[in-house]
Amino acid sequence: VNDILSRTRSGSVAALGEAALIGRLRLWLGRAAPDAPHGIGDDCAVLPPIRGAGLITVDPLVFGIHFDGRVPPFAAGAKLVKRNLSDIAAMGGRPKAAVIALAMDPRVSVHWLRSFYRGAAAESLRHHLPIVGGDVTRLQSGFVATLTLLGESAGRVLTRTGARAGDRLYVTGTLGRSLATGHHHRFQPRLKEGRWLAARRAVRSMMDVSDGLAKDLRALEPRGAEARVAAAALPRRDGAGVVEALCDGEDYELVFSLAARADTGSFERAWRRAFPRVRLSRIGRFARRGSPMEAGERPLNSLRGYEHLR
Ligand SMILES: [Mg+2]
């Protein structure tokens, strides 16, 4: 029942034809798809003006790369929305509207695609995110859904630049074995947490962990400094070792730096009051290159994360 390709032509998207397929997509999206001109049905969707700075991100979900036949289609559709939401969370932003571009084998099952869209719709509704348009095109084989997400800042936009030598490093949740445990499609994007962090001046830089902490942290490194992590402080997901926690990827957690002068105790207490159920770990610091290592620390430059084009 979960097969992505239909065994019969009558059950495939090819049998539906383009106009009927677009009608079905709208139907499956339900309340997540507003009426034209604010949603699907015109040449463009018309959006209300946004108040803060605009944010835009795009991420695809490719069958065979980001999910496979073991992931239920409802969860795969939800993942398409969530991995983009995680990027908005990483800037401390708020999602505003999304469009979905589909490219797929005409033999894709209508049943399968319905569950995929229902999953995307459920996740969008949860975050008050309207899906306002999209496009459908044919591929020789395979399935690629690409979501473009517009957001707005909720005040300060927290970027990857801004860390300084001496900053402490923190990460939310747990890391490693995301594919093995199903976390890669079950996670919840850290939107509330991201906005809370962006509102705090002592938080100087942030990103979401998608390609593995060891690789991603390099993007936050200030000039002349390197990330040093205490292996014992790494929050590891069930059964994950240190290298898995640092390199596996698809964690969709937030990693950020906190100014050295900030009081870590009161910062951590404020976090626990705001998010009593979300683990927060102080994992290390940005140290000047060449400065002596502290006990238990390791540099990350020998480790690799997920490479997209290898
Ligand atoms: Mg990201």
Side-chain angles (χ1 to χ4, degrees), residues 53-62 65-67 76 78-101 120 123-124 127 129 144-154 156-163 167 169-176 178-179 183-198 203-222 227 229 235 237 245-257 278 280-281 283 286 300 303-310:
L55 303 173
I56 183 164
T57 184
V58 59
D59 253 319
L61 196 77
V62 181
I65 305 280
H66 303 106
F67 72 108
K79 180 177 178 178
L80 170 67
V81 177
K82 289 191 290 189
R83 67 196 306 252
N84 281 280
L85 287 173
S86 183
D87 281 325
I88 296 288
M91 311 292 286
R94 203 186 303 271
K96 293 300 279 184
V99 293
I100 299 177
E123 200 54 45
S124 298
H127 297 282
L129 168 67
V144 181
T146 304
L147 187 133
T148 301
L149 178 53
L150 284 162
E152 70 179 359
S153 73
R156 173 184 177 218
V157 178
L158 190 47
T159 67
R160 293 179 177 191
T161 52
D167 282 10
L169 293 170
Y170 283 89
V171 69
T172 62
T174 55
L175 305 173
S178 179
L179 292 177
H183 175 79
H184 73 102
H185 63 82
R186 294 200 188 97
F187 72 96
Q188 270 306 312
R190 302 287 191 196
L191 284 155
K192 282 203 189 95
E193 294 88 341
R195 289 198 290 271
W196 187 91
L197 291 164
V203 178
R204 291 214 269 221
S205 64
M206 182 163 72
M207 69 186 297
D208 67 327
V209 186
S210 54
D211 295 345
L213 187 72
K215 176 182 167 189
D216 287 340
L217 253 183
R218 257 169 256 166
L220 299 186
E221 275 175 357
V229 164
R237 190 168 291 107
L246 289 171
C247 302
D248 277 359
E250 298 236 26
D251 299 298
Y252 301 107
E253 294 295 348
L254 297 175
V255 60
F256 61 92
S257 77
V278 183
L280 180 69
S281 305
I283 55 168
F286 282 128
L300 298 176
L303 294 166
R304 284 167 174 274
Y306 180 80
E307 292 292 335
H308 293 270
L309 298 176
R310 191 168 61 200

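Every value quoted in this text rests on a predicted model; they were computed, and no experiment measured them. Atom set for the values below is all heavy atoms of this structure, side chains included, hydrogens, waters and symmetry mates excluded. Atoms within each ligand, like the ligands themselves, are counted from 1 in listed order.
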Going by the rule ring-ring contact (aromatic ring centres under 6.0 Å, His included), which residues pair with Y170 if we only count those two or more places apart in sequence or in a different chain?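 Only F256, F267 meet the ring-ring contact (aromatic ring centres under 6.0 Å, His included) criterion with Y170.
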Just to verify, what does R204 make a side chain to side chain contact (heavy atoms under 4.5 Å, CB included) with, not counting sequence neighbours?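 Scan of R204 (side chain to side chain contact (heavy atoms under 4.5 Å, CB included), adjacent residues dropped) gives R164, D167, S257, A259, R261.
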Who pairs with D216 by side chain to side chain contact (heavy atoms under 4.5 Å, CB included), at least two apart in sequence or on another chain?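 Per chain and number, D216 pairs via side chain to side chain contact (heavy atoms under 4.5 Å, CB included) with M207, V209, S210, D211.
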Counting no waters, how many protein N/O/S atoms sit under 2.8 Å from the Mg ion (ligand 1)?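 N, O or S atoms of the protein closer than 2.8 Å: 2.
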Okay, side chain of S178, backbone of E250: is any donor-acceptor separation there less than 3.5 Å?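 Pair found, side chain donor or acceptor close to backbone of E250.
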Side-chain donor/acceptor of T159 to backbone N/O of T161, under 3.5 Å: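 Between the backbone of T161 and the side chain of T159 there is a qualifying donor-acceptor contact (under 3.5 Å).
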Would you give the length of the straight line joining atom CG of L147 to atom CG of D87, rounded to the nearest 0.5 angstrom?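 The distance works out to 11.0 Å.
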